[in-house]
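Quick note: residue numbers are just sequence positions, from 1.
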Amino acid sequence: MRAIQVAEFGGPEVLRPVETDVPEPGAGEVTIDVAYAGVNFAEIKARRSGYRRPILPFTPGLEVSGRVRALGPGVTDLTVGREVAAFIAGGGYAEVALAPAATVFPVPAGLSLRTAATLPTVLPTAHALIHEVGRLRAGESVLVRGAAGGVGTVVGQLANRVGDGAVYGVVSSAAKVDFALKHGYDQVFVGDDWERQLAAATGGRGVDLLLDPIGGEQLRHSLRSLAPFGRVVNFGNAGEEAPWHFGAAELGPGAWSVAFFSILTLAAERPKELREVSARAFRLVADGAVDLPVTAELPLAEAAEAHRLMESRATTGKLLLRVED
Ligand SMILES: NC(=O)c1ccc[n+]([C@@H]2O[C@H](COP(=O)([O-])OP(=O)(O)OC[C@H]3O[C@@H](n4cnc5c(N)ncnc54)[C@H](OP(=O)(O)O)[C@@H]3O)[C@@H](O)[C@H]2O)c1
């Protein structure tokens with residue numbers, strides 16, 4: 001089968017098309033004939049430095065849509081040929097992907113395989129950030145960095161549905177502002193100056209919930225933008241800075257909380273909970289309440305170009321690789 005392989009860490013050029021063996025499902029697993037593979041920022045990190053995929057060579061790809069090809073021993077709730085979307089811990093940039101049955105989801109009625117490929121990573125992540133981990137309540141305000149990206153686009157819409165609290169976004173360029181405003185954000189700040197812009201918008205109060213995919217020193221600075229009893233949820237380290245340590249001295253006076261979220265940890269440790277969160281989140285897309293536009297679709301062989309696009313920080317919404325002919 002055709003697949004994209006990383007044999008050495010590096011730039012987009014290390015994503016090389018290869019011919020490789022079709023995987024066979026083991027106990028509790030299925031294989032999927034992949035129609036589309038979603039492109040995620042985490043795959044860029046894996047390609048650059050091996051984030052959660054330290055062993056070379058590997059095929060990146062956290063999410064696919066397609067049809068069930070074969071069932072491993074013990075899998076009883078899926079059938080061959082069924083249209084599915086799957087969250088996997090890697091291997092999605094390929095004609096056939098191997099997935100644990102626990103994180104394979106029948107495509108909700110009315111959704112295409114193309115739309116289904118956008119769901120498995122972003123939808124449960126965004127849902128968890130706003131609801132299960134962020135616990136956003138009606139009337140509370142939220143600020144989201146990377147507001148026009150895959151996760152940010154869905155987070156804005158979910159936050160907007162919670163109630164009448166302000167939904168603020170941060171993006172790196174003015175070209176992304178309109179896109180974010182169309183996806184749930186009330187106000188969008190551009191560039192590194194966002195703290196000052198937020199302070200002006202909130203009369204210096206700050207926000208109740210801050211969702212941070214950047215990490216490091218920038219996460220520490222974010223604390224200054226929290227209202228009393230505010231919460232910050234970190235869900236990435238796009239800034240690639242060294243981890244920052246929080247202590248009671250910084251958090252105590254504002255009674256602030258810091259939380260982290262990882263869908264990979266949720267999938268590995270609590271797959272049943274991931275299924276439940278995913279079911280809730282997918283339903284919102286099937287009902288038309290949430291929309292994640294595909295803004296770039298490239299053939300599998302052009303995975304390197306998809307990574308170049310995402311790394312350029314110019315993309316909005318979701319990027320997909322088209323795998324089936
Ligand atoms: N913890 C989890 O479970 C989980 C799950 C899914 C995704 N994530 C994280 O959520 C974030 C969004 O993921 P996504 O797949 O939806 O990607 P995405 O948002 O579509 O694209 C990456 C975004 O990161 C922002 N960014 C900030 N610093 C960057 C840098 N140094 N280089 C490139 N981009 C940078 C860019 O927005 P601006 O240019 O506007 O800043 C860009 O929109 C990522 O940090 C990812 O690791 C975490």
Side-chain angles (χ1 to χ4, degrees), residues 36-43 62-65 85-87 103 105 107-108 110-112 114-136 140-163 165-171 176-188 207 209-214 233-236 238 259 261-264 266-267 273-297 310 315-320:
Y36 294 91
V39 178
N40 294 280
F41 193 70
E43 291 141 16
L62 290 175
E63 63 190 349
V64 297
S65 68
F87 178 78
T103 55
F105 312 97
V107 174
L111 293 189
S112 66
R114 189 171 185 266
T115 300
T118 68
L119 306 181
T121 310
V122 167
L123 264 294
T125 298
H127 201 282
L129 290 174
I130 290 295
H131 297 293
E132 288 82 3
V133 182
R135 305 185 316 279
L136 188 69
E140 288 190 324
S141 55
V142 56
L143 179 125
V144 185
R145 301 195 63 185
V151 173
T153 299
V154 176
V155 160
Q157 296 169 76
L158 293 179
N160 196 271
R161 289 168 53 81
V162 169
V167 183
Y168 300 110
V170 180
V171 294
K176 298 182 185 181
V177 169
D178 281 350
F179 185 88
L181 289 173
K182 285 192 190 107
H183 294 92
Y185 292 92
D186 298 310
Q187 207 171 336
V188 179
V207 287
L209 176 64
L210 196 151
L211 301 177
D212 171 81
I214 313 289
V233 184
N234 172 257
F235 62 106
F261 176 72
S262 163
I263 191 172
L264 283 163
L266 188 62
E273 228 168 279
L274 175 61
R275 285 191 80 79
E276 289 162 5
V277 176
S278 299
R280 284 196 282 275
F282 290 9
R283 212 173 302 128
L284 291 166
V285 177
D287 293 348
V290 170
D291 175 35
L292 178 53
V294 174
T295 50
E297 178 188 316
M310 190 177 262
T315 58
T316 54
K318 189 74 191 174
L319 280 67
L320 288 186

How long is the span from the [atom1] atom in [X] to the [atom2] atom in [Y], to the nearest 0.5 Å?
| X | Y | atom1 | atom2 | value |
| --- | --- | --- | --- | --- |
| Arg135 | Leu129 | CZ | CG | 12.5 Å |
| Asn234 | Ile214 | CG | CD1 | 9.0 Å |
| Leu119 | Leu292 | CG | CG | 7.5 Å |
| Leu274 | His127 | CG | NE2 | 12.0 Å |
| Leu136 | Leu158 | CG | CG | 10.0 Å |
| Phe87 | Thr103 | CZ | OG1 | 7.0 Å |

Of all the heavy-atom pairs spanning [X] and [Y], show the shortest one and how long it is.
| X | Y | answer |
| --- | --- | --- |
| Ala147 | Gly169 | CB-CA, 3.7 Å |
| Leu320 | Ala117 | CD2-CB, 3.8 Å |
| Leu319 | Thr316 | CD1-O, 4.4 Å |
| Asn40 | Glu63 | ND2-OE2, 3.1 Å |
| Ala128 | Val277 | N-CG1, 4.4 Å |
| Arg161 | Leu284 | NH2-CD2, 3.4 Å |

Determine whether [X] and [Y] make a side-chain contact, defined as any pair of heavy atoms from C-beta on separated by less than 4.5 Å.
| X | Y | value |
| --- | --- | --- |
| Arg280 | Glu132 | yes |
| Val142 | Val207 | no |
| Pro213 | Phe41 | no |
| Asp291 | Val154 | no |
| Thr153 | Gln157 | yes |
| Leu62 | Leu264 | yes |
| Phe261 | Leu266 | yes |
| Val144 | Val170 | no |

**Message:** Evaluate Thr125 against Val155 for side-chain contact (heavy atoms from CB on, under 4.5 Å), listing each step before the verdict.
**Reply:** CA-CA 9 Å; Thr125 298; Val155 160; over 6 Å; no
**Prompt:** With a 6.0 Å cut-off on ring centres, are Phe105 and Phe282 close enough?
**Reply:** yes
**Request:** Kindly determine whether Asn160 and Tyr185 satisfy side-chain contact (heavy atoms from CB on, under 4.5 Å), including the steps that lead there.
**Result:** CA-CA 7 Å; Asn160 196 271; Tyr185 292 92; over 6 Å; no
**Request:** Scan side-chain atoms only and decide if Thr115 and Ser112 contain a donor-acceptor pair under the 3.5 Å cut-off.
**Result:** yes
**Item:** Residue that, paired with Val233, satisfies side-chain contact (heavy atoms from CB on, under 4.5 Å) out of Asp212, Leu210, Leu209
**Value:** Leu209
**Asked** Under a 4.0 Å N-O cut-off, is there an ion pair linking Glu297 with Lys318?
**Response** no
**Item:** Trace of the side-chain contact (heavy atoms from CB on, under 4.5 Å) decision for Lys176 with Val188
**Value:** CA-CA 9 Å; Lys176 298 182 185 181; Val188 179; over 6 Å; no
